[in-house]
Novice: 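One structure follows; several queries about it will come next.
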Amino acid sequence: MIKNRFSRVESLKVMGNASKQTIGPDMKVLLWNVFKCKRKGWQNDFTSLIDGKDLILLQEAILNSPFDGLFHHSSQHQWIMASSFKSIKSNVETGVKTGSRAEASRHFFSVSEHSEPISNTKKMVLATEYSIMNLSGSLVESSLLVINTHMINFVSFEKFTAHLDQAFQAFDHHHGPILLAGDFNTWNGKRMAYFDAMARSSLLKEVPITRQPKLGHLLRHLDHIYCRGLDVVDVNVHTDVYSSDHYPISLSLRLTE
């Protein structure tokens with residue numbers, strides 16, 4: 001019998017301090033699966049990449065590690081982490097983490113119904129809402145909803161879609177702009193087709209990203225960004241950053257008038 005190396009956490013923690021009251025109308029975003037911060041040079045790459053960013057969406061983020069000070073003592077970003085499991089040996093928690101220059105007006109998380117095989121770990125959806133300004137400098141009545149997620153991986157198609165449905169349910173009753181991004185583990189055509197169909201039904205548009213698929217990802221793109229009520233100004237894939245098994249993606253967005 002294999003001894004389990006992880007235990008469930010399923011909790012949320014808020015760290016750091018936001019430097020602004022609102023986001024927009026222009027916003028700079030970073031999306032990155034940080035591979036549990038295991039590779040050399042991660043901290044230097046991270047501090048460089050988040051400079052000037054209004055929103056940072058991390059997957060495989062960690063807590064209770066030597067890097068905690070970057071988040072607890074931040075005076076530029078509020079950080080919200082939703083942990084789904086922790087290492088029994090090291091007590092390090094793993095999950096998704098969202099950073100923002102504006103304080104979240106609301107936040108909630110949803111853990112996958114099913115678990116990954118062998119590790120028996122679950123994946124997480126984290127939703128955060130922010131007040132936004134329009135191009136004329138006025139406060140917008142609706143809020144920006146940001147969904148940061150890491151989809152369940154080595155499971156059946158039915159279990160995968162059950163978790164993806166949870167992510168889309170997070171904005172069932174939201175009528176303002178939406179940013180949906182993360183590592184969706186879309187490593188086959190069937191998963192990607194279901195994802196696309198769900199996005200179209202929710203009036204979300206995929207952000208076009210030019211990149212080379214990785215062999216380790218079965219030559220499929222796993223990281224995706226979808227928007228509603230936001231225009232894409234610029235997208236950049238940082239192919240010169242090797243401190244994770246995923247390339248960081250930076251993008252500039254503008255609130256649609």
Side-chain angles (χ1 to χ4, degrees), residues 8-16 18 20-24 27-34 53-61 63 71 77-85 93-114 122-132 140-152 160-186 195 198-199 201-207 222-230 249 251 253 255-256:
R8 294 180 183 177
V9 179
E10 300 177 15
S11 65
L12 185 143
K13 188 173 183 64
V14 180
M15 299 160 280
K20 298 168 61 177
Q21 297 296 316
T22 61
I23 291 179
M27 54 197 83
K28 295 186 180 297
V29 183
L30 175 71
L31 171 68
W32 195 15
N33 180 321
V34 294
K53 297 295 189 299
D54 299 290
L55 289 164
I56 303 111
L57 285 72
L58 308 178
Q59 301 80 47
E60 292 196 27
L63 186 65
F71 307 99
H77 298 95
Q78 178 192 64
W79 294 94
I80 300 178
M81 174 152 174
S83 304
S84 55
F85 64 91
E93 299 179 11
T94 301
V96 294
K97 185 183 291 182
T98 299
S100 173
R101 278 188 165 182
E103 185 175 334
S105 58
R106 196 165 76 99
H107 48 69
F108 57 94
F109 68 87
S110 175
V111 68
S112 62
E113 177 184 355
H114 305 286
K122 296 193 174 190
K123 289 293 196 292
M124 190 69 77
V125 173
L126 172 62
T128 48
E129 285 188 35
Y130 305 97
S131 298
I132 45 177
V140 178
E141 184 177 345
S142 60
S143 61
L144 169 68
L145 177 61
V146 178
I147 310 291
N148 179 6
T149 185
H150 192 183
M151 281 291 108
I152 196 166
F160 170 81
T161 57
H163 191 208
L164 188 61
D165 289 347
Q166 286 180 240
F168 280 85
Q169 287 165 6
F171 51 81
D172 266 353
H173 304 290
H174 185 78
H175 302 293
I178 294 171
L179 174 63
L180 168 67
D183 176 356
F184 290 91
N185 280 315
T186 46
F195 188 11
M198 290 290 291
S201 68
S202 300
L203 304 178
L204 294 174
K205 293 183 179 179
E206 184 172 13
V207 174
L222 308 183
D223 305 307
H224 303 279
I225 304 165
Y226 284 77
C227 295
R228 190 175 80 192
L230 298 166
I249 301 171
L251 63 154
L253 301 172
L255 188 68
T256 301

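A quick note: this is a predicted structure, and the numbers were derived from the prediction, not measured.
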Novice: Please report the shortest heavy-atom distance between L164 and F195, naming the atom on each side.
Specialist: CD2-CA, 3.7 Å

Novice: Restricting to side chain to side chain donor-acceptor pair (under 3.5 Å), what partner residues turn up for K53, sequence neighbours left out?
Specialist: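 Scan of K53 (side chain to side chain donor-acceptor pair (under 3.5 Å), adjacent residues dropped) gives none.
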
Novice: With sequence neighbours left out, write down each residue that passes side chain to side chain donor-acceptor pair (under 3.5 Å) with K123, or none if nothing qualifies.
Specialist: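 If we apply the side chain to side chain donor-acceptor pair (under 3.5 Å) test to K123, skipping adjacent residues, the hits are E116.
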
Novice: Over all heavy atoms of both residues, which pair between M151 and F184 is shortest? Give the atoms and the distance, please.
Specialist: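 It is CB-O, 3.4 Å.
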
Novice: Quick one: does L204's side chain get under 4.5 Å of M198's, heavy atoms only?
Specialist: no

Novice: Got a donor-acceptor contact below 3.5 angstrom from the D183 side chain to the N33 backbone?
Specialist: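 The answer is no, because no donor-acceptor pair under 3.5 Å joins these two groups.
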
Novice: For residues S105 and E129, is any side-chain donor paired with an opposing acceptor at under 3.5 Å?
Specialist: no

Novice: For residues L31 and I225, determine if any side-chain heavy atom of one lies less than 4.5 Å from a side-chain heavy atom of the other.
Specialist: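 Counting from C-beta outward, L31 and I225 do come under 4.5 Å.
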
Novice: What's the shortest heavy-atom distance between P177 and I132, and which atoms?
Specialist: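 What the structure gives for the nearest pair is CG-CD1, 3.6 Å.
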
Novice: Please list, chain by chain and in numerical order, all residues satisfying side chain to side chain donor-acceptor pair (under 3.5 Å) with T22, sequence neighbours excluded.
Specialist: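 In terms of side chain to side chain donor-acceptor pair (under 3.5 Å), with neighbours along the sequence ignored, T22 is linked to no residue.
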
Novice: Quick check for you: to the nearest 0.5 Å, what is the distance between L253 atom CG and L251 atom CG?
Specialist: 4.5 Å

Novice: Can you list the residues that meet the side chain to side chain contact (heavy atoms under 4.5 Å, CB included) rule with T256, with sequence neighbours excluded?
Specialist: D231

Novice: Under the side chain to side chain contact (heavy atoms under 4.5 Å, CB included) rule, collect the residues that match up with T98, sequence neighbours excluded.
Specialist: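 So T98 forms a side chain to side chain contact (heavy atoms under 4.5 Å, CB included) with L57, L126, T128, Y130, N148.
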
Novice: More than 12 heavy atoms of other residues, nucleotides or ligands under 6.0 Å from CD of E60: is that the case?
Specialist: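 It does: E60 CD has more than 12 such atoms within range.
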
Novice: If the condition is side chain to side chain contact (heavy atoms under 4.5 Å, CB included), which residues does K20 pass it with, not counting sequence neighbours?
Specialist: D54, R101

Novice: Check the pair H224 / L180 against side chain to side chain contact (heavy atoms under 4.5 Å, CB included), numbers first and verdict last.
Specialist: CA-CA 8 Å; H224 303 279; L180 168 67; over 6 Å; no

Novice: Using side-chain heavy atoms (C-beta onward) and a distance below 4.5 Å, is H114 in contact with I152?
Specialist: yes

Novice: Taking atom types as modelled, is there a side-chain donor on S100 or Q78 under 3.5 Å from an acceptor on the other?
Specialist: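 There is no such pair between these side chains.
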
Novice: Working to the nearest 0.5 angstrom, can you tell me the gap between S143 OG and I178 CD1?
Specialist: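 Taking OG in S143 and CD1 in I178, the distance rounds to 9.5 Å.
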
Novice: Check M124 against S110 and note the closest heavy-atom contact, atom names and distance.
Specialist: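 It is SD-O, 3.5 Å.
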
Novice: Ignoring hydrogens and angles, tell me if any N or O in the side chain of K122 forms a donor-acceptor pair with the backbone of E113 under 3.5 Å.
Specialist: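 Yes: the side chain of K122 pairs with the backbone of E113.
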
Novice: Looking at V111, is its backbone amide N or carbonyl O close enough to the side chain of Q166 to form a donor-acceptor pair, meaning the two atoms are under 3.5 Å apart?
Specialist: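 Indeed, once roles are kept as given, a pair shorter than 3.5 Å links the two residues.
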
Novice: Heavy atoms, side chains only, cut-off 4.5 Å: are M15 and K97 in contact?
Specialist: yes

Novice: For Y226, does the six-membered ring have the charged nitrogen or CZ of K205 within the cation-pi criterion, i.e. under 6.0 angstrom from the centroid and within 45° of the normal?
Specialist: no

Novice: Tell me the closest heavy-atom pair linking I80 and A104, and the distance in Å.
Specialist: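 Looks like CD1-CB, 3.8 Å.
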
Novice: Taking all non-hydrogen atoms of both residues into account, name the closest pair between E10 and F109 and its distance.
Specialist: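 Closest approach of E10 to F109: O-CZ, 3.5 Å.
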
Novice: Check for a donor-acceptor pair, side chain of R228 on one end and backbone N or O of S202 on the other, with a separation under 3.5 Å.
Specialist: yes

Novice: Do V125 and H150 come within less than 4.5 Å of each other through their side chains, counting heavy atoms only?
Specialist: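 With C-beta onward as the side chain, the pair stays apart.
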
Novice: Is there side-chain contact between L179 and L55, with at least one heavy-atom pair below 4.5 Å?
Specialist: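 Contact flag for L179/L55 side chains = yes.
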
Novice: Decide yes or no on side chain to side chain contact (heavy atoms under 4.5 Å, CB included) for V96 and M81, but give the supporting numbers first.
Specialist: CA-CA 6 Å; V96 294; M81 174 152 174; over 6 Å; no

Novice: Is the shortest side-chain heavy-atom distance between W79 and V14 below 4.5 Å?
Specialist: no

Novice: I want to check something: taking the side chain as every heavy atom from C-beta on, are I56 and W32 in contact at a cut-off of under 4.5 Å?
Specialist: no

